[in-house]
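Within every chain, numbering begins at 1; the chains are lettered A, B, ... in the order of the sequence lines, protein sequences first and strands thereafter.
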Amino acid sequence: MKLGFLVDLHLCMGCKGCQIACKVENEVPLSTWRLRVKYVDVGTFPETKRTFTPLRCNHCENAPCERICPVSALHYIENGIVNIDKERCIGCAGCVMACPYGAIYIDPETQTADKCTYCAHRIASSMMPACVVACPVEANIFGDIEDPTSNISKYIMQHNGDVQVRKPEKGTNPHHYYVGGGNVTLNPLASFRVEGHQLFNKLTTKMPVGGHH
Amino acid sequence: MVHEAVAATHAVVTLDVGLPGIVWPWFVTMNMWAKSIGTGVIFMLFYLQKRHGDDPAVATLRFPVAVISIVFISIFLLFTLADLHQPFRMWHIFFYPHWTSPITIGAIMASAFMGLITILAFFSFIKKDDEAYDKLLLWTMILAIPVTLYTAALLSMCTARELWQMPTETVQMMLAALLSGAATIILYDAVTGSKMKEESIRSMAIILGLAAFASFTMYMAEMIFGPMKAEEVAAVLEFVKGHGEYATMFWIGQVFAYIVPMALVLLSIVNRSNNLLKLAALSAVVGLWVVKHVWLIIPQLLPMS
Ligand code: SF4
Ligand code: SF4
């Protein structure tokens with residue numbers, strides 16, 4: 001069994017339900033996120049469009065974070081999830097640097113690395129990840145990518161040709177797919193970030209790392 | 001490249017969370033800089049013994065070099081520890097080692113290296129056994145090679161930080177050790193009354209000058225050709241080009257670490273001037289910190305997602 005995620009960006013409406021459900025389920029501290037939905041506006045008025053991209057750990061098959069961790073705090077579990085043992089983590093931040101997707105952060109409360117675990121604790125009790133349950137449009141599809149009869153496998157087969165992963169050139173082989181993705185949604189360098197100014201807030205882009213330094 | 005992409009798509013991030021700031025700060029710069037000196041002086045002593053063993057001043061370098069190496073490797077270890085968010089769990093590295101991680105391998109090798117240089121100090125100061133010292137120096141020098149290089153492996157394993165490539169970083173780490181090792185020996189000789197023979201000091205000057213030249217050439221090659229290789233490299237190098245956030249600091253580093261030492265080494269050899277050489281050495285040691293710092297920080301300024 002290899003668990004995977006697929007987000008159909010045609011369906012996602014940017015409600016951030018998954019983002020909040022994840023935050024609550026995993027008690028993710030203030031200023032840090034395991035899952036976030038990024039809004040990117042494209043085009044020039046009046047030809048504009050808003051895109052929404054949920055971003056979380058990809059549970060890479062060839063995970064640089066797992067490889068670089070000096071104490072195996074990041075490790076694979078049998079179902080393919082890249083999990084983290086926070087008790088073992090020494091907080092070297094090697095994984096934060098190694099992950100090509102910016103999916104890991106230093107938890108300011110525990111001073112250890114943390115990230116999306118596909119809600120491994122819920123899966124162990126045969127429940128779906130919190131974000132999947134919260135999504136009102138079922139844009140998050142989760143399941144066994146090795147089982148051809150699973151929803152996710154069928155979805156991948158049906159949308160063959162429109163299924164993408166982030167940064168495939170990094171050779172990480174993500175177990176997280178997007179349908180309807182494109183350069184703007186999946187490539188962080190394809191969009192411009194205005195420092196300190198966003199739609200509903202005045203957020204400084206750069207945040208302190210783990211309340212340290 | 002980023003700007004072209006924006007022009008093409010008119011894409012602007014309008015809502016997102018704050019991204020992590022600098023994850024590896026100047027503590028890591030200190031780590032790399034101090035390690036270069038700590039291993040560099042060992043390379044230099046080994047070379048001087050082989051090449052200029054007849055210089056009586058070289059024979060007196062045994063204890064000072066061991067001490068300099070201990071001091072700088074201690075600084076390196078201290079800053080490595082201080083950079084951990086859970087420093088009291090450092091022991092996990094030795095009890096739960098993960099062998100694919102250069103951090104694990106590096107920690108073990110650096111600890112062993114620390115042990116060897118401490119024994120060198122013991123042989124030279126307490127036991128006064130030069131023969132044992134010189135035998136051990138060979139093994140210490142051999143271990144100094146991977147200790148110098150493992151950080152390059154660590155940087156190159158940061159998959160999306162395209163600026164840090166293998167084997168470029170390996171070569172840069174080795175050149176940094178040669179540059180700072182030679183500079184430190186020159187400075188040590190200067191403060192202890194310039195006792196080394198002219199040929200020995202000239203060897204150090206040549207190593208300093210050549211290491212500066214090779215390093216500078218590689219940085220400039222990366223500046224010119226790097227952007228053609230990968231979108232990320234192009235975006236990162238924007239920070240040190242033109243009016244980039246780190247452009248001034250980058251050039252201060254290049255001038256102090258490489259350009260000034262190259263010029264002064266040349267002038268000092270032509271004019272047989274030791275004073276110019278001292279200045280070159282000081283400039284290189286200071287400049288190297290700045291160069292390392294800029295190269296460490298800029299890939300971290302890029303959004304990964
Ligand atoms: S997305 Fe990042 S954190 Fe997740 S498995 Fe891949 S490398 Fe690790
Ligand atoms: S911060 Fe923790 S999980 Fe990440 S590499 Fe270091 S020890 Fe491993």
TODO: Answer with side chain, backbone, both or neither: which region of B:L155 has an atom nearer than 4.5 Å to a non-hydrogen atom of chain A?
DONE: neither
Task: A:E87 versus chain B, the contacting section by heavy-atom distance below 4.5 Å - done: both
TODO: Run through B:H85, B:R89, B:Q86 and flag the one making a side chain to side chain donor-acceptor pair (under 3.5 Å) with A:Q111.
DONE: B:H85
Open item on the list: Main chain of A:C69, side chain of B:H98: is a donor-acceptor contact present, judged purely on distance under 3.5 Å?
Closed with: yes
TODO: Any chance you could measure B:D16, atom CG, to A:Q198, atom CD, to the nearest 0.5 Å?
DONE: 6.0 Å
Open item on the list: So for A:T110, is it side chain, backbone, both, or neither that comes closer than 4.5 Å to the heavy atoms of chain B?
Closed with: backbone
TODO: Please check if atom CD in A:E138 has more than 12 non-hydrogen atoms from other residues, nucleotides or ligands closer than 6.0 Å.
DONE: no
- [ ] Could you tell me the separation between the CH2 atom of B:W99 and the OG atom of A:S72, rounded to the nearest 0.5 Å?
- [x] 10.5 Å
TODO: Compare all side-chain heavy atoms of B:L19 with those of A:R193 and state whether any distance is below 4.5 angstrom.
DONE: yes
Task: Which of A:K49, A:K38, A:M97 touches chain B most, by non-hydrogen pairs under 4.5 Å - done: A:M97
Task: pair B:I93-A:V71: side-chain heavy atoms closer than 4.5 Å - done: yes
Open item on the list: Please classify the contact between A:F200 and chain B as side chain, backbone, both or neither, with a heavy-atom cut-off of under 4.5 Å.
Closed with: both
Open item on the list: For the CE atom of B:M157 and the SG atom of A:C95, what is their distance to the nearest 0.5 Å?
Closed with: 11.5 Å
Open item on the list: Between A:I106 and B:V23, is there a side-chain heavy-atom distance shorter than 4.5 Å?
Closed with: no
Task: Inter-residue atom distance A:S191.OG - B:H10.NE2, 0.5 Å rounding - done: 13.5 Å
Open item on the list: I need the minimum non-hydrogen distance between B:T14 and A:D41, along with the two atoms involved.
Closed with: OG1-OD1, 3.0 Å
Open item on the list: Atom CZ of residue position B:F256 - does it have more than 12 heavy atoms of other residues, nucleotides or ligands inside 6.0 Å?
Closed with: no
Task: Donor-acceptor under 3.5 Å (B:T100 side chain, A:R67 main chain) - done: yes
Task: Region of B:E162 that comes under 4.5 Å of a non-hydrogen atom in chain A - done: side chain
Open item on the list: So which residue, A:P100, A:P70, A:G102, ends up with the most heavy-atom pairs under 4.5 Å with chain B?
Closed with: A:P70
- [ ] Nearest 0.5 Å please: distance from the OG atom of B:S305 over to the CZ atom of A:R56.
- [x] 13.0 Å
TODO: Taking all heavy atoms of B:M304 and all of A:C99, pick out the closest pair and write down the distance.
DONE: SD-O, 4.2 Å
Task: CG (A:L30) with more than 12 external heavy atoms under 6.0 Å - done: no
Open item on the list: Only pairs of heavy atoms separated by less than 4.5 Å count here; which of A:K16, A:E66, A:H75, A:R166 has the most with chain B?
Closed with: A:E66
Open item on the list: What I'd like to find out is whether the side chain of A:I68 reaches to under 4.5 Å of the side chain of B:C158, using heavy atoms alone.
Closed with: yes
- [ ] Would you mind telling me which of B:I103, B:T104, B:T159 has the largest number of heavy-atom pairs within less than 4.5 Å of chain A?
- [x] B:T159
